There are 2 protein chains.
Amino acid sequence: MVDQKNPEHDAIEALYFAYRAFTAEPDRILAKQGLGRAHHRILYFVARTPAVTVGELLNTLEISKQALASPLRRLLSDAYITQTPDTQDKRVRRLQLTPKGRKLESALSTAQSAMLRRAFEHVGAQDRRAWLDTTRALSALAKP
Amino acid sequence: MVDQKNPEHDAIEALYFAYRAFTAEPDRILAKQGLGRAHHRILYFVARTPAVTVGELLNTLEISKQALASPLRRLLSDAYITQTPDTQDKRVRRLQLTPKGRKLESALSTAQSAMLRRAFEHVGAQDRRAWLDTTRALSALAKP
DNA sequence: GATTATATGTCAACTATATTGACTTACTGG
DNA sequence: CCAGTAAGTCAATATAGTTGACATATAATC
């Protein structure tokens, strides 16, 4: 590497390679089911937010409903996710993982957790908290 | 957020949102020139590795030469990058940023550096090093 | 009760980014 | 001379996203 005038260049590069490594193993697991990263994100947020609505998912993922439609349809038809109308407002559809969906989502999260655990292995609890705080600070810099 | 059985879930989510925030501003700058993330990666690695060859770029980016061809052609024809045959081995093409390419790449790196600086603002030098070490450890976990 | 607003779904056309396979051109090196 | 290597190109295909237009069902409001 050359041209290190900027002290943040190391971090830019590290984050690029880290993210690529971080998504590689989930991508391999998903590919076995003929699924991709778009399906992963849906599975992830439905797992983290049970009974999430389609609209909430759109806000979180920041994609158009047309972009959500195709991977979500696939997850519904392959029985990874179920959809039930809200009891109060029947226009709203609430999403849940099926046991099959939970199993796949768990495999994906386990793979990523394992990578993080290995990355944290040689740093202390203080450093671990520093990593999370900094990474969250970065998230928070998203433009409105 | 629910279902926090796994202590790494916070980190998985933070990294997803951090990476999205981190690429958003470069994406906006690139879009003004009608370019995308593929062009950014090429500009970045040509900037960091002057006189890099096409083959080295393919190895670094881990994409097919057909996937590289179209964005690289665009960067050459729009004079962001120049291509000169190696003096020793005339089959090899060495890539360099033009002043125009350096200017764009610098704008992109500056935007990302600024985000990192802001994220690091409230953590100490020790924590900063911890973040970089951990993120690099994550990069290093890529399967061969 | 009629109208308006909201939540979701769907079709269509387009773009960007990637893949694999097949082939060409130019050059290198034994 | 010939085999191998570096790069480029064409074609077909897949995925993931966009915007625009429109449909349907339900809720909320005047």
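Note: hydrogens, waters and symmetry copies are ignored here, and every other heavy atom, side chains too, is used. From a predicted model like this one, the values you see are computed outputs, not experimental measurements.
- Pairs passing the side-chain hydrogen bond (donor to acceptor under 3.5 Å, both in side chains) check and including a residue from residues 95-104 of chain A, sequence neighbours excluded, do not occur.
- A:L116 and B:A11 make their closest contact through CD1-CB, 3.6 Å (heavy atoms, listed as atom of the first residue, atom of the second, distance).
- Residue A:L97 is not grouped with residue A:V92 when hydrophobic side chains (ILVMFWY) are merged at heavy-atom distances under 4.5 angstrom, including chains of intermediate members.
- Cluster annotation: A:I81 and A:L35 are assigned to the same hydrophobic cluster (Ile/Leu/Val/Met/Phe/Trp/Tyr, side-chain heavy-atom contacts under 4.5 Å, transitive).
- Evaluation of the salt bridge (Lys or Arg N to Asp or Glu O under 4.0 Å) rule for B:R118 yields no partner, not counting sequence neighbours.
- Residues of residues 27-37 of chain A having a heavy atom closer than 4.0 Å to DNA chain D, listed by number: A:G36, A:R37.
- Once you apply a 4.0 Å limit to the heavy atoms of chain A, the touched nucleotides of DNA chain D run 5' to 3' over D:dA16 to D:dA27.
- Residues forming a salt bridge (Lys or Arg N to Asp or Glu O under 4.0 Å) with B:R41 (at least two apart in sequence, or on another chain): none.
- Among residues two or more places apart in sequence or in another chain, the side-chain contact (heavy atoms from CB on, under 4.5 Å) test is passed with A:A107 by none.
- Not counting sequence neighbours, the partners of A:E62 by the salt bridge (Lys or Arg N to Asp or Glu O under 4.0 Å) test are B:R20.
- A:R94 comes within 4.0 angstrom of nothing in the nucleic acid, heavy atoms only.
- Separating the CG atom in B:L104 from the NE2 atom in B:H40 is a distance of 8.0 Å, to the nearest 0.5 Å.
- The side chain of B:H39 approaches C:dT17 more closely than any other nucleotide in the set C:dT8, C:dT17, C:dT20.
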Could you give me the CA-CA distance, side-chain angles and deciding distance for A:R48 and B:E13, then say whether salt bridge (Lys or Arg N to Asp or Glu O under 4.0 Å) is met?
-> CA-CA 10 Å; A:R48 254 15 101 220; B:E13 194 157 319; 5.2 Å; no
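- Near DNA chain C, meaning a heavy atom under 4.0 Å away, the residues from residues 66-82 of chain A are A:Q66, A:R73.
- Clustering ILVMFWY residues whenever any of their side-chain heavy atoms sit less than 4.5 angstrom apart, transitively, puts B:L138 in the very cluster that holds A:V123.
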Pairs under 3.5 Å (N/O, protein and nucleotides 24-30 of chain C):
{"unit_1": "C:dT28", "atom_1": "OP1", "unit_2": "B:Q88", "atom_2": "O", "d": "3.4"}
{"unit_1": "C:dT28", "atom_1": "OP1", "unit_2": "B:K90", "atom_2": "N", "d": "3.1"}

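- The stretch residues 55-63 of chain B touches DNA chain D through B:G55, each having a heavy atom under 4.0 angstrom from the strand.
- Under the salt bridge (Lys or Arg N to Asp or Glu O under 4.0 Å) criterion, A:R93 pairs with no residue at all, not counting sequence neighbours.
- Judged as a ring-ring contact (aromatic ring centres under 6.0 Å, His included), the pairs with a partner in residues 11-39 of chain B (not counting sequence neighbours) are, in order, A:Y19-B:Y19, A:F45-B:Y16, A:F45-B:F17.
- Between the side chains of B:T60 and B:E56, not a single donor N or O lies within less than 3.5 Å of an accepting N or O.
- For the pair B:R91 and B:D86, the salt-bridge criterion is not met [side-chain N within less than 4.0 Å of a carboxylate O].
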